[in-house]
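Some notes on the structure that comes next.
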Amino acid sequence: MSAARARERFAGLTDPGLVRTHNEDAFVVSPPLFAVADGLGGHEAGEIASRYAIDALVQAAPREAEPKALARAVRAANAVVVEAAEQGRGREGMGTTLTAAMVEGTYIAIAHVGDSRAYLLSGGKLERLTQDHSMVADMIRAGQLTEAEARRHPNRSVITRALGSDMNMLADAYEVEATTGDRLLLCSDGLHGMLTDTEIARILGSYSDPSVAARALVDAAIDAGGQDNITVIVVDIEGERQAHEAGGASADAAATTRRWASLLLWLVVAAAAVGGAWWAAGSYARSRAYLIDEGGRVVVYQGVAGSFAGIELSWRQVESTVPVTALDPTTQARLAEGIPEANLADALEALAVYRARVASASPAP
Ligand code: CA
């Protein structure tokens with residue numbers, strides 16, 4: 001179709017997918033600001049966390065694309081989510097990812113926390129602009145997992161950094177000098193968990209209209225199973241960056257040169273990258289809990305099952321006398337694997353329910 005009217009050069013779309021009843025993702029498309037947030041915590045808490053994060057980001061975003069300033073806005077959004085949880089809006093243990101981009105001409109500033117992603121399609125080649133803060137991403141970097149194995153790993157949804165649990169959370173910040181004709185994609189793991197990068201690249205490059213490309217990506221993730229909420233933002237890169245600072249000439253020069261070598265990464269934890277990831281994993285883990293069958297009894301742990309980079313991520317809290325065999329077969333099977341709960345209170349509540357079930361099933365003494 002030869003479009004007489006100018007089409008938008010960006011589009012955003014979200015879909016709950018086929019399995020989840022709620023959509024815990026949120027996004028904003030408000031040029032020059034674009035962002036995706038993927039809420040965690042269940043029971044509607046994830047929706048609250050991602051919505052608060054996006055709203056706070058919009059409030060705190062800098063006027064001009066600048067990675068460190070954008071990272072500060074992400075930290076401000078974190079503070080809002082932490083405070084909301086503390087004040088009982090939403091739930092303790094709720095959190096969210098946040099991947100934000102500001103686009104000025106061909107210049108892109110990015111700030112990022114969690115396992116949502118930013119990609120750039122350039123000359124038919126798809127490049128990941130962000131690094132996932134997830135347990136499986138760290139295992140891939142350590143050579144312990146392949147991408148394909150990570151896709152099926154039981155801990156694939158465990159993220160090592162998120163908004164909502166730690167006032168001192170830090171955001172990664174990047175800047176990218178793209179070229180006209182490139183295409184920026186922001187997405188939640190409901191997209192990149194269902195499609196390979198090759199599939200994403202093919203679909204993203206197949207439709208000239210960003211809104212058609214966004215729809216096609218969401219549809220492909222649904223066709224692949226749609227196991228999670230899916231959010232995509234597609235932005236066509238064009239034009240030139242306005243020179244803001246006195247050094248306008250250098251900004252012009254930057255606009256014409258692709259500077260992949262200068263792709264900046266302020267992993268603000270700096271040299272403590274590895275230690276930071278461990279610490280972050282521990283900090284995330286401490287807010288969680290799970291129940292598991294241990295020697296035929298239900299045991300409650302605080303943390304997440306398993307160890308990460310040699311560090312135990314869980315601490316035994318309650319060794320109950322509830323016999324696993326007295327519970328229904330589905331619960332027994334789930335307990336064998338471990339049943340994750342958002343926090344310790346929820347895990348103790350579940351244990352109380354099991355105890356009551358066992359008591360009512362047993363004959364009175
Ligand atoms: Ca998700």
Side-chain angles (χ1 to χ4, degrees), residues 12-29 34-54 57 74 77-78 81 85 90-91 93-101 112-119 128-138 140 147 150-165 169 171-172 185-197 199-200 214 217-234 280-281 284-285 287-288 304 340-342:
L13 187 63
T14 190
D15 191 287
L18 299 177
V19 175
R20 305 283 175 89
T21 52
H22 288 85
N23 192 340
E24 300 195 322
D25 288 359
F27 72 96
V28 61
V29 167
F34 304 90
V36 169
D38 176 353
L40 319 153
H43 306 278
E44 301 182 14
E47 281 166 87
I48 295 169
S50 60
R51 191 69 258 163
Y52 276 154
I54 290 288
L57 177 75
V74 168
N78 174 54
V81 179
R91 285 160 62 110
M94 73 177 180
T96 183
T97 73
L98 186 56
T99 301
H112 160 77
V113 175
D115 68 350
S116 301
R117 287 183 187 167
Y119 288 93
R128 270 189 219 173
L129 302 180
T130 48
Q131 290 194 22
D132 294 352
H133 299 136
S134 70
M135 193 174 282
V136 290
D138 287 327
I140 290 169
E147 286 279 345
R151 220 166 264 288
R152 297 184 299 271
H153 197 278
N155 288 340
R156 62 186 177 277
S157 58
V158 173
I159 63 175
T160 51
R161 212 189 304 173
L163 282 72
S165 57
M169 180 214 78
D172 291 351
L185 168 69
L186 305 184
C187 63
S188 62
D189 69 336
L191 183 80
H192 67 72
M194 302 307 302
L195 303 178
T196 63
D197 283 8
E199 290 165 328
I200 292 172
L217 285 167
V218 169
D219 287 348
I222 289 171
D223 288 345
Q227 287 174 9
D228 198 356
N229 307 144
I230 308 148
T231 301
V232 301
I233 295 174
V234 177
Y284 173 76
S287 69
R288 308 263 133 185
V304 291
E341 295 285 349

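The first residue in the sequence is number 1, and the count goes up from there. All ligand and atom numbering here is 1-based and tracks the order in the structure.
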Original post:
Is the Ca ion (ligand 1) less than 3.0 Å from an N/O/S atom of Asp228, whether that atom is in the backbone or a side chain?
Top reply: yes

Subject >> Heteroatom N/O/S of Asp115 within less than 3.0 Å of the Ca ion (ligand 1) >> reply: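 So Asp115 does not count as coordinating the Ca ion (ligand 1).
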
Original post:
Do Leu186 and Phe27 have side chains that get closer than 4.5 Å, going by heavy atoms?
Top reply: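 Result no, sub-4.5 Å side-chain heavy-atom pair not found.
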
**OP:** Would you give the angle at the Ca ion (ligand 1) between Asp38 atom OD2 and Asp189 atom OD1, to the nearest 10°?
**Re:** 80°

Subject >> Straight-line distance of Ile200 CD1 to Arg117 CZ, nearest 0.5 Å >> reply: 7.0 Å

Subject >> Side chain Thr99, main chain His112, donor-acceptor under 3.5 Å >> reply: no

Subject >> Ion pair Arg156/Asp189, N-O distance below 4.0 Å >> reply: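 The answer is no: the pair does not qualify as a salt bridge.
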
